[in-house]
Number of protein chains: 2
Amino acid sequence: MTDDASHDFDQQFDLGRFLPYLLNQAAEATSRSFQEAYRGDFGMSRTQWRVMANLGKFGAMTAAEICRISHIEKTKVSRAVAALEAAGHLRREADPADRRAAHLSLTEAGRRVYGQLGLRARDYDAALRAALGVAEAEALERALRRLIAMGSPEQST
Amino acid sequence: MTDDASHDFDQQFDLGRFLPYLLNQAAEATSRSFQEAYRGDFGMSRTQWRVMANLGKFGAMTAAEICRISHIEKTKVSRAVAALEAAGHLRREADPADRRAAHLSLTEAGRRVYGQLGLRARDYDAALRAALGVAEAEALERALRRLIAMGSPEQST
DNA sequence: GCAGAATAGTTGCAACTGCAACCAAGTCAA
DNA sequence: TTGACTTGGTTGCAGTTGCAACTATTCTGC
């Protein structure tokens, strides 16, 4: 029998109900299933796929904007951009007004890849939502958005 | 409807609603906030904390059992166990009946650490659930569990 | 009892990541 | 203008990860 504040290690903490733990497992499980789409067929990393998806969705934007929107670390974005450019999926154009910034956009080839992956992603997402039930999926989405907003204080939408 | 499925890249895929993407962001945001607890104060990695939490919850078990329960890769578990043992948080005892397996359990020191982290985790989880609303948190938990179960076909509990 | 398959766990390697430090360009104020 | 500060982006380094290959032990069928 220990004494100080630590003898209560049989406390009520239930790892199986710890939300960060469950979130990680669910994220891992779902991302992993989809991974073969971008990795197996196009040799992309998760980060590369996400950067591409952001560009596909929002059109041309700078790396900093991608960071703000997607909450991906700037170094991850930087390296993903370099890889995507090397693969010919992405093009950068210097901003004449601000020579630090580069406007990124998908090349024709990149858009084709994005088109294929986007379709697959849509199907996969639909399958997940169907498995959960439409209403539950909506509720899940709302909850996730709340948690994401809590983590990073800046949110516009 | 397209056959080569590539020229319709302005399709309905909305990254901002892609569940794996949202799950990852939410998992990242929540895990990151809690990270200082085990990393800052005890120098542990996420995996180490999870392995410890499993041992704290279930008592002595083998590495393979931890893998099955927590869905963590065996190599991650192996390295986490080595680190925890080196830190004196964990002890391994060879199974006399099966000399491949080792029964892992927390040392007294490990249990103390687990006690502290468990309390903090409980508080953090409670804060998250309070922010979401109790009912929404329950629904979230159910949805996550479903997704996790879908990912890995074997499920017991 | 034995060859072959399965299981527990470790390790090498290559990739990915996070952090901090860094460079370059732009901004602000006096 | 000049100097301090901010911002866009890259890089070095150390740590973490995933995968495949590996050893050692146990199990299975015959």
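To find a chain, count down the sequence lines: A is the first, B the second, and so on, and within it residues start at 1.
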Go through dA8(C), dG18(C), dG9(D) for me and flag the one nearest to the Ala64(B) side chain.
dA8(C)

So, the side chain of Ser31(A) versus the backbone of Ala27(A): is there a donor-acceptor pair under 3.5 Å, distance only?
yes

If only side-chain N and O atoms of Thr62(B) are considered, is one of them under 4.0 Å from the OP1 or OP2 phosphate oxygen of dA8(C)?
no

Distance in angstrom units between Asn24(B) CG and dC16(C) P, rounded:
16 Å

Show your reasoning for whether salt bridge (charged side-chain N to carboxylate O under 4.0 Å, His left out) applies to Arg46(A) and Glu28(A).
CA-CA 11 Å; Arg46(A) 195 128 102 205; Glu28(A) 207 45 45; 3.6 Å; yes

Does the side chain of Leu23(B) reach to within under 4.5 Å of the side chain of Leu147(B), using non-hydrogen atoms?
yes

Pairs under 3.5 angstrom only: tabulate donor-acceptor contacts from the side chains of residues 91-99 of chain A to other protein residues two or more places apart or in another chain.
from, atom 1, to, atom 2, distance (Å)
Arg91(A), NH2, Leu106(A), O, 3.3
Arg92(A), NE, Glu85(A), OE1, 2.9
Arg92(A), NE, Glu85(A), OE2, 3.4
Arg92(A), NH2, Glu85(A), OE1, 3.1
Asp95(A), OD1, Ala97(A), N, 2.7
Asp95(A), OD1, Asp98(A), N, 3.4
Asp95(A), OD2, His103(A), NE2, 3.2
Asp98(A), OD1, Arg100(A), N, 3.0
Asp98(A), OD1, Arg100(A), NE, 3.0
Asp98(A), OD2, Arg100(A), NH2, 2.9

For Arg17(B), is the CZ atom crowded, meaning more than 12 foreign heavy atoms sit under 6.0 Å from it?
no

The correct set of residues in residues 40-55 of chain B placing a heavy atom under 4.0 Å from DNA chain D is Ser45(B), Thr47(B)

With sequence neighbours excluded, residues passing side-chain contact (heavy atoms from CB on, under 4.5 Å) with Ala109(A):
Thr107(A), Arg112(A)

Measure the distance from CG on Leu104(A) to P on dG9(D) and round it to the nearest whole Å.
7 Å

Quick one: Glu36(A) CD to dG18(D) P, roughly how many Å, whole number?
17 Å

Contact string for nucleotides 19-28 of chain D, one letter per nucleotide 5' to 3', B = base within protein heavy-atom range under 4.0 Å, S = sugar-phosphate only, - = neither, reads BB---BBS--

Return whichever of Glu28(A) or Ser78(A) has its heavy-atom-nearest nucleotide of DNA chain D closer to the 5' end.
Ser78(A)

Would you call Arg120(A)-Asp41(A) a salt bridge at under 4.0 Å N-O?
yes

Take atom OH of Tyr38(A) and atom P of dC16(C), then tell me their distance rounded to the nearest Å.
11 Å

Starting from C1' on dA8(C), measure out to CD on Glu65(B) and report it in whole angstrom.
11 Å

Ignoring hydrogens and angles, write down the donor-acceptor pairs under 3.5 Å from the side chains of residues 51-65 of chain A, residues two or more places apart or on other chains.
from, atom 1, to, atom 2, distance (Å)
Asn54(A), ND2, Arg50(A), O, 2.9
Lys57(A), NZ, Asp14(B), OD1, 3.4
Thr62(A), OG1, Glu65(A), N, 3.3
Glu65(A), OE1, Thr62(A), N, 2.9

Report the distance from atom CD1 of Ile66(B) to atom P of dT10(C), rounded to the nearest whole Å.
11 Å

So, do Tyr124(B) and Thr30(B) sit near enough that their side-chain heavy atoms are less than 4.5 Å apart?
yes

OP1, OP2 of dC19(C) versus side-chain N and O of Arg39(B): anything below 4.0 Å?
no

How many Å lie between NE2 on His71(B) and P on dG18(D), as a whole number?
14 Å

Check ion pair Glu136(B)-Arg142(A) (N to O, under 4.0 angstrom):
no

For the helix from dG1(C)-dC30(D) to dA30(C)-dT1(D), measure the angle between the helix axis at one end and the axis at the other, each built from five pairs, rounding to 10°.
30°

Answer with base, sugar-phosphate or nothing: what part of the nucleic acid does Ala102(B) contact at a heavy-atom distance below 4.0 Å?
sugar-phosphate

Any idea how Trp49(B) and Phe13(A) line up, ring-wise: parallel (<30°), tilted (30 to 60°), or perpendicular (>60°)?
parallel

Is Tyr114(A) close to His89(A) at the side-chain level, that is, under 4.5 Å between some pair of heavy atoms?
no

